[in-house]
Each structure stands twice: as structure tokens, then as C-alpha cells.
K.L.:
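Provided herewith is a single structure, encoded as C-alpha cells, for subsequent inquiry.
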Protein chains: 2
Amino acid sequence: MKENILYTSVAPLLEYFNRLIPLSSEEKQLVAELFKPRLYRKRQYVLQEGDVCSSFNFVVRGCLRMYKIDDKGNTHIIQFATENWWLMDIGSFHGKEPSELNIDAIEDTMVLHISYNDLINLYTKGPKFNLIFRVLIENSFVSLQKRLLQNISSTAEERYLSFMQDYSHLNNRLPQVQIASFIGITPEFLSRLRNKLVKPKS
Amino acid sequence: MKENILYTSVAPLLEYFNRLIPLSSEEKQLVAELFKPRLYRKRQYVLQEGDVCSSFNFVVRGCLRMYKIDDKGNTHIIQFATENWWLMDIGSFHGKEPSELNIDAIEDTMVLHISYNDLINLYTKGPKFNLIFRVLIENSFVSLQKRLLQNISSTAEERYLSFMQDYSHLNNRLPQVQIASFIGITPEFLSRLRNKLVKPKS
DNA sequence: AACTGCATCAAGAAATAGTATTGATCTGGT
DNA sequence: ACCAGATCAATACTATTTCTTGATGCAGTT
């Protein structure tokens, strides 16, 4: 019975950084040292409600989701993260306080993660990473804001169509349940919506 | 979409302790404070080879397995833990050294766990727990020894029959692969064994 | 040399779990 | 009274996991 082996390449992350701003070889070295690979299998938790989020996660391949479970037990997906995206609960990470959110894997997923201390370390030894992470967070912020706006101002149908625009690559990769939970409707209703959109007149 | 909620009751653990030796309400309080609930999903690692085993785990519901992967990539299950059993790599825990063993969940599993420091804390504040944990470890030791004996002295068929005696409740709860790996044969051979035992003459 | 107790590999079959669709019925807001 | 959407239950479909079977091999007995 064979099990998965962790193949430890930071190449995708280096490339990601390099596209934002070129790195010196010392900086590359730093990244290679401080980021650790980690494999999560489908359905595995990366972060569980009540735990402190102790790392920044960069998805190398696979797909994660971050979500909140409300009092009624319903799941609300805040964010997906596929290849070359970051996912963590920044609030919990910086405040070192228990998270209200969960992160788990929707597919078998490989991440590169860096712990709190090592991130501080990274900033100290490579000040350029302050810039990089600022930009990176700003990007996330922008798309979050867009999503919020989308959400408060639209009907389910509009939200679905806008999801299809912004995340069309996720459409045939994710189960509908997840998409429904992302745009805030029931899977049944999404099924009907889709149906209606395909054959618009009956 | 309903998901599992971490229902944070230490009741099963208190009951477990109480059956060994009655606890005062301060001691119950200690337990409630120091043991933390944790949910592991099927196939999720609790402990990975190379990591230090940093907690004692009490299974509230579900099932864990502890196993070693040998040089050829074969899995050997050392122990199962279902409701009201403990599982950890004691060697790694006390020596604070990297474990050679893996622990993962065979079913979605809820455990109550206590960290190294909190366990020391528990012993200090509630000396009675020294007794409790001594007894508990002794119990584990005895069943381990029995298992070893069983193993070195029997054929596959005998080992299977003895498994059925001692763990009959696990028989229709676990996949055969796991049982095979526990008694040290291939799943194929276990299949044939079972067949032979059902229809003894043909 | 043949037999017994097991392993390995490959292929299907069977069982289970996860996902999607559909109908019926309900609700709160316009 | 109507619309956007929820909830519940039943069924269908799909994918994944688990089990079985046959063929073959091999190391120790007898």
C-alpha cells in the first residue's frame, strides 16, 4: 500500500513572486528555506474553527475553501483558492486569536506555507517581501471588495452570472454545492437557475 | 448544507475517568479546561511520520489507526482506537522526538486531546491523574502484549480468528484492508481466508 | 517433486458515498 | 396574488472505495 510522497519544489512560488517583482538569488534562497510544502487530502482541514491560523498558505495545486458555519449549521464559503492563490485567516493570523472560520481542501491540494515567525524572519532578512506581500494583500482586498459589492446588490441569478464571468474556470471544476454555497443560494435553486438559463423559453 | 459542528463536550471523558476513579468537581473542572476537542475527517492525519507527537488523544467517536510504513511502502497497523480509547505515540510524546509512526482517521473522528504542557499541568494540579494515567497505560500495555504474543505465535488464520474474538465489534465497522493490515496479511488473502471459513468444505 | 501458506498483479463486480435533478410545498416581501 | 427563493423528500447518476477472483510465483515443508 503506497502513500503520497511530498514533492518539495518551491518553483511555482518563486515564479509567482518573480512576476510581481524580480528576486535576487539570496531572496530566492530565503523563500526556499522558509516556505514548507504540505499536502492536504480532499476534505482535510487546513484550519479549524477555534484554532489560531498559524500560517500563510500558497496553493501550488488543488483547491481550498474558507468558510463559516452559521448558528443554523449552514455553510457559507468566503473564498476559494486554486493554483497560485493565497488563503489564510489574516485576522486570526495577526491577532493570534482563535479563528471563526474553517479552511479545508476540496481537492487533494499541495500548499507552500510559512509560519508566523518565519514570515517575520522573511520580512527582516528580505525587506522587499514587505512590498510583495503588501501588493498581494491589496490584490486580495480588491477582489474581496468586488465580491462583497456583487453580493449585496444582486439577485441570485445575477450573482451566478457574475460568478461565471469571474470564475468560469472553477465552474466545471467544483461541485455545484460549493458554488451554490459561494453565491449564497441552495444547491437546488442553483440547479433550477442553470436549467432556466440553458433553455430560456419552454 | 449542514456540516459537522464541533460539539465541545468533555462528558464522555469525564465518565471514562469516573469509571476508573471518581473525580472531585475541581478535577472535573481541570479536565474540562485542559482537554480540547478536535475533529478529524476520514483519511486526515493526526500525526505524520517525522513530526513530534504532541498530544494524548482520547477518541470520543469515530476511529483512528496508528501505523508504520516500511521500506517497501507497506502499511502495518499497530493499533486501532475507537470510542473511549487512547491513541498517541508515547515514545515520541515523552522524548519529544520525531515519530516513525503515522496516525490517521479511518472514519470522521472526534477526539479530546491534551498537549504536553497541559498534561504536566494536569498532573501537578491534580495528582490523582498520575494514578489514572498509570492505570490507563497499563491497560494499553497489557493488550499490546497480548497482541504481540498472538502475532509471533500464530498462522494467518489463527490471527484472524483471534482478531474476531477480541475485536469482533470492529469486524463489520472496518474495511477488510485495514483488518488485513492489522493482522499482517494481504487483503486478498484475507478475502480467501474468510471464504474458506464460511464454507469450510467444498 | 509436490503441497501448503502465503504474496503479487490485474481485472471486474459490488457496495457506498457524493452529487445533481425534480416535484411538492412553504414563506416573506411587494 | 405573485415572485424569488427556501425546505424537504425522493430518485437518478457518478465516482470512489472496497471486495472478490483468477493467474502466477516462491520459499519452506514433507
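For the numbers below, each heavy atom of this structure counts, side chains included, while hydrogens, waters and symmetry mates do not. Residue numbers start from 1 in every chain, and the chains themselves are labelled A, B, ... in the order their sequence lines are given, proteins ahead of strands.
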K.L.:
Less than 6.0 Å separating the ring centroids of B:F133 and B:F56?
P.N.:
yes

K.L.:
Roughly how many Å is it from CG in A:L193 to C1' in D:dA6, rounded to a whole number?
P.N.:
13 Å

K.L.:
Taking A:L112 as the fixed residue, which of A:V60, A:N57, A:V59 is the one that meets the side-chain contact (heavy atoms from CB on, under 4.5 Å) rule?
P.N.:
A:V60

K.L.:
Side-chain N or O of B:T186 versus OP1/OP2 of C:dA7: is the shortest distance under 4.0 Å?
P.N.:
yes

K.L.:
Let me know the distance between CZ of A:F189 and P of D:dC8, rounded to the nearest Å.
P.N.:
17 Å

K.L.:
Return the residues of residues 163-173 of chain A meeting this criterion: a heavy atom under 4.0 Å from some atom of DNA chain D. Order them by number, or give none.
P.N.:
none

K.L.:
So does A:Q176 get a side-chain nitrogen or oxygen closer than 4.0 Å to the phosphate oxygens (OP1/OP2) of C:dT21?
P.N.:
yes

K.L.:
Just distance, no hydrogens or angles: give the donor-acceptor pairs under 3.5 Å from side chains in residues 13-22 of chain A, sequence neighbours left out.
P.N.:
unit_1	atom_1	unit_2	atom_2	d
A:E15	OE2	A:R19	NH1	3.4
A:Y16	OH	A:W86	NE1	3.3
A:N18	OD1	A:L23	N	3.3

K.L.:
Can you give me every donor-acceptor pair (side chain of residues 114-124 of chain B, partner residue at least two apart or in another chain, under 3.5 Å) with its distance?
P.N.:
unit_1	atom_1	unit_2	atom_2	d
B:S115	OG	B:D118	N	3.3
B:N121	OD1	B:K125	NZ	3.3
B:T124	OG1	B:I120	O	2.8

K.L.:
Does the side chain of A:Q79 come under 3.5 Å of the side chain of A:R65 through a donor N or O and an acceptor N or O?
P.N.:
no

K.L.:
As a test of understanding, state which of A:R192, A:R194, A:K196 forms a salt bridge (charged side-chain N to carboxylate O under 4.0 Å, His left out) with A:E157.
P.N.:
A:K196

K.L.:
Quick one: list whatever passes side-chain hydrogen bond (donor to acceptor under 3.5 Å, both in side chains) with B:Y167, sequence neighbours left out.
P.N.:
none

K.L.:
In this structure, how many angstroms lie between the C1' atom of C:dA7 and the NE2 atom of B:H76, rounded?
P.N.:
13 Å

K.L.:
Examine distances only and state if a side-chain atom of B:S181 and a backbone atom of B:I77 form a donor-acceptor pair shorter than 3.5 Å.
P.N.:
yes

K.L.:
Counting only side-chain heavy atoms from C-beta out, which of C:dG18, D:dT17, C:dT8 sits nearest to B:R43?
P.N.:
D:dT17

K.L.:
For residues 29-36 of chain A, dump all side-chain donor-acceptor pairs below 3.5 Å to protein atoms at least two apart in sequence or in another chain.
P.N.:
unit_1	atom_1	unit_2	atom_2	d
A:Q29	NE2	A:E33	OE2	3.2

K.L.:
What nitrogen or oxygen pairs link the protein and nucleotides 9-15 of chain D at under 3.5 Å?
P.N.:
none

K.L.:
Using a cut-off of strictly less than 4.0 Å, decide whether B:N195 has a side-chain nitrogen or oxygen near OP1 or OP2 of D:dT20.
P.N.:
no

K.L.:
Between C:dA20, C:dT8, D:dG5, which nucleotide gets closest to the side-chain atoms of A:R159?
P.N.:
D:dG5

K.L.:
I want to verify a distance call: between C:dA20, D:dT7, C:dT21, whose nearest atom is closest to the A:P175 side chain?
P.N.:
C:dA20

